Amino acid sequence: MEQESDDIYQKTEHSRICLMRDTVEARDPSSKEVDDLTLRRFLRARDLDIQKASVMFLKYLKWRNEFVPNGFISLSEVSNEIAQNKMFLQGSDKKGRPIAVVFGARHFQNKKSLDEFKRYVVFSLDKVCSRMPEGEEKFVGIGDLEGWGYANTDIRGYLAALSILADYYPERLGKLFLVHVPHIFMAVWKIIYPFIDDTTKKKIVFVENKKLKSTLLEDIDESQIPEIYGGKMSLVPIQDN
């Protein structure tokens with residue numbers, strides 16, 4: 001019975017992808033260059049509503065053409081963010097999803113402009129997506145907040161990152177582990193939490209310090225867990241991937 005239900009869902013999804021393709025290609029011919037998997041992510045993000053998914057996707061195409069006109073973000077465009085050495089990418093979980101590690105205490109708000117940080121978020125997400133094996137569309141994140149303090153607070157930056165992830169990289173986040181979370185971070189969490197969509201909220205796991213390795217082991221083999229968490233994987237800066 002369950003298999004029959006899955007088959008019906010897949011047929012429904014496939015037919016809606018075809019209808020969505022007709023809709024978006026009529027509005028923007030460049031949509032022809034986009035594969036069905038991409039359209040499917042936008043469709044799933046809008047509960048298979050063709051109209052809503054089409055609007056979301058066309059907005060993404062317009063943004064991509066304007067914000068990333070060369071097709072990629074170069075290192076020179078995010079040099080200040082890279083210098084903070086705050087994001088790493090290596091290994092994969094048991095499902096084959098690449099693992100990104102971010103150190104919150106190494107991030108400091110760029111008070112002159114938010115644009116470079118936005119470009120860094122896109123640079124990082126593109127790097128992560130490029131590491132996904134065939135058949136995999138999601139990634140796993142570890143947000144390490146050890147040593148995080150109010151000097152690292154960047155509400156604008158956090159909200160901008162959430163917006164980019166939700167609006168332009170739908171259905172990409174598989175799971176986010178928040179580790180070494182200090183009590184003072186919760187004041188900021190209360191501010192940004194309402195801006196996180198319900199689907200994403202379900203993917204966020206606050207990990208107790210004493211259960212850090214055992215929690216990660218539920219999803220990640222020891223050989224793929226970073227050494228700093230008791231595993232065997234060395235950290236590699238995202239720009240070196």
Side-chain angles (χ1 to χ4, degrees), residues 2-3 5-7 9-11 13-14 17 33-48 53 57 60 64 68 71-73 86-103 120-144 161-162 164-180 196-207 211-241:
E2 185 176 336
Q3 182 61 47
S5 178
D6 288 342
D7 290 343
Y9 179 85
Q10 288 179 6
K11 288 179 181 178
E13 191 175 67
H14 178 70
I17 290 173
E33 300 173 13
V34 179
D35 60 24
D36 283 352
L37 292 178
T38 300
L39 294 183
R40 187 177 69 176
R41 286 195 296 273
F42 282 86
L43 196 57
R44 287 178 172 178
R46 290 296 177 265
D47 297 321
L48 302 189
F57 174 75
Y60 156 77
R64 188 81 191 183
V68 196
F72 66 94
I73 302 291
K86 57 194 171 188
M87 190 165 182
F88 299 78
L89 178 62
Q90 67 288 303
S92 56
D93 75 349
K94 294 175 182 178
K95 294 181 179 180
R97 301 179 294 190
I99 301 168
V101 183
V102 181
F103 292 95
Y120 179 71
V121 172
V122 174
F123 168 85
S124 300
L125 288 171
D126 283 352
K127 279 278 190 181
V128 174
C129 291
S130 72
R131 286 285 304 276
M132 293 176 183
E134 186 175 351
E136 185 52 62
E137 300 180 77
K138 299 180 185 293
F139 72 94
V140 171
I142 299 176
D144 192 323
L162 284 169
I164 290 171
L165 181 64
D167 295 342
Y168 308 129
Y169 295 83
E171 297 295 305
R172 284 300 199 183
L173 178 64
K175 201 166 194 176
L176 173 61
F177 297 97
L178 293 179
V179 306
H180 297 140
I196 304 174
D197 66 78
D198 291 337
T199 301
T200 301
K201 287 175 182 175
K202 296 175 183 176
K203 299 174 181 178
I204 300 173
V205 179
F206 280 82
V207 183
K211 295 182 180 179
L212 200 163
K213 186 177 180 181
S214 62
T215 301
L216 294 180
L217 280 171
E218 292 176 11
D219 291 86
I220 310 168
D221 286 328
E222 186 174 20
S223 64
Q224 302 296 300
I225 293 176
E227 293 173 333
I228 57 172
Y229 305 128
K232 300 178 180 179
M233 185 67 69
S234 299
L235 288 175
V236 180
I238 193 162
Q239 65 269 20
D240 294 339
N241 275 267

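Since this is a predicted model, take the numbers as computed values, not measurements.
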What's the verdict on side chain to side chain contact (heavy atoms under 4.5 Å, CB included) for Val179 and Phe206, showing C-alpha distance, side-chain angles and the deciding distance? CA-CA 6 Å; Val179 306; Phe206 280 82; over 6 Å; no
Run the ring pair (Phe, Tyr, Trp, His ring centres under 6.0 Å) test on Phe103 and Phe88 for me, step by step, so that the C-alpha distance in whole Å, both residues' side-chain angles and the decisive distance to 0.1 Å come before the verdict. CA-CA 9 Å; Phe103 292 95; Phe88 299 78; 5.6 Å; yes
Before giving the answer on side chain to side chain contact (heavy atoms under 4.5 Å, CB included), spell out for Val128 and Met87 the whole-Å C-alpha distance, their side-chain angles and the decisive distance to 0.1 Å. CA-CA 11 Å; Val128 174; Met87 190 165 182; 4.3 Å; yes
Go through Asp144 and Tyr229 one step at a time and tell me if the side chain to side chain contact (heavy atoms under 4.5 Å, CB included) criterion holds. CA-CA 10 Å; Asp144 192 323; Tyr229 305 128; 2.5 Å; yes
Run the side chain to side chain contact (heavy atoms under 4.5 Å, CB included) check on Leu39 and Leu43 step by step: do they pass? CA-CA 6 Å; Leu39 294 183; Leu43 196 57; over 6 Å; no
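Between Tyr169 and Cys129 there is a side-chain heavy-atom pair separated by less than 4.5 Å. Counting only heavy atoms from C-beta outward, the side chains of Phe123 and Ile238 approach each other to under 4.5 Å. Counting only heavy atoms from C-beta outward, the side chains of Leu178 and Val207 never approach each other to under 4.5 Å. Residues Val101 and Pro226 have side chains in contact (heavy-atom distance under 4.5 Å, counting atoms from C-beta outward). Looking at heavy atoms from C-beta onward, Leu217 lies in side-chain contact with Ile225 at the 4.5 angstrom threshold.
Minimum interatomic distance between Arg97 and Gly174 (heavy atoms only, all atoms of both residues): NH1-CA, 3.6 Å. Contact between Ala166 and Asp197 at its shortest, heavy atoms only, is CB-OD2, 4.2 Å.
Heavy-atom contacts from other residues, nucleotides or ligands closer than 6.0 Å to NZ of Lys94 number more than 12. Other residues, nucleotides and ligands contribute over 12 non-hydrogen atoms within 6.0 Å of the CD atom of Glu227. Counted within 6.0 Å of NZ on Lys201, heavy atoms from surrounding residues, nucleotides or ligands total more than 12; the atom is thus considered enclosed.
Although no hydrogens or angles enter the test, the distance criterion places a donor-acceptor pair under 3.5 Å between the side chain of Gln90 and the main chain of Val236. In this structure, the side chain of Asn241 engages the main chain of Pro237 through a donor-acceptor pair within 3.5 Å. With Gln224 contributing its side chain and Ser92 its backbone, the two residues share a donor-acceptor pair below 3.5 Å. Judged by distance alone, with hydrogens and angles left aside, the side-chain atoms of Asp221 form no donor-acceptor pair with the main-chain N or O of Ser223 at under 3.5 Å.
Summarising the geometry, atom OG1 belonging to Thr200 is positioned 14.0 Å from atom CZ belonging to Arg172; distances are rounded to the nearest 0.5 Å. Taken from CG in Asp167 to OH in Tyr60, the straight-line distance is 12.5 Å, to the nearest 0.5 Å. In this structure, Phe57 CZ and Thr38 OG1 are separated by 7.0 Å, a value rounded to the nearest 0.5 Å. Atom CD1 in Ile99 sits 8.5 Å away from atom CZ in Phe177 (nearest 0.5 Å). The distance from the CG atom of Leu176 to the CD1 atom of Ile204 is 5.5 Å, given to the nearest 0.5 Å. A distance of 5.0 Å separates CD1 in Ile142 from CG in Leu216, rounded to the nearest 0.5 Å.
Look at Asp36 and Arg40 and you find no salt bridge, because none of the NZ, NE, NH1 or NH2 atoms lies under 4.0 Å from a carboxylate O. Here Arg44 pairs with Glu13 in a salt bridge; the nearest charged N to carboxylate O distance falls below 4.0 Å. Looking at Glu137 and Arg41, a side-chain N of the basic residue comes within less than 4.0 Å of a carboxylate O on the acidic one, giving a salt bridge. Ion pair Glu222/Lys213 flagged as a salt bridge, since at least one NZ, NE, NH1 or NH2 atom sits closer than 4.0 Å to an Asp/Glu carboxylate oxygen. In this structure, Lys138 pairs ionically with Glu171, as a charged nitrogen and a carboxylate oxygen lie closer than 4.0 Å. The existence of a salt bridge linking Asp198 and Lys203 is excluded, since no basic side-chain nitrogen approaches an acidic carboxylate oxygen closer than 4.0 Å. The residues Lys175 and Asp219 are annotated as salt-bridged, a charged nitrogen and a carboxylate oxygen being separated by less than 4.0 angstrom.
Note that Lys86 lies in the cation-pi zone of Tyr120, set by a 6.0 Å cut-off to the ring centre and a 45° limit from the axis.
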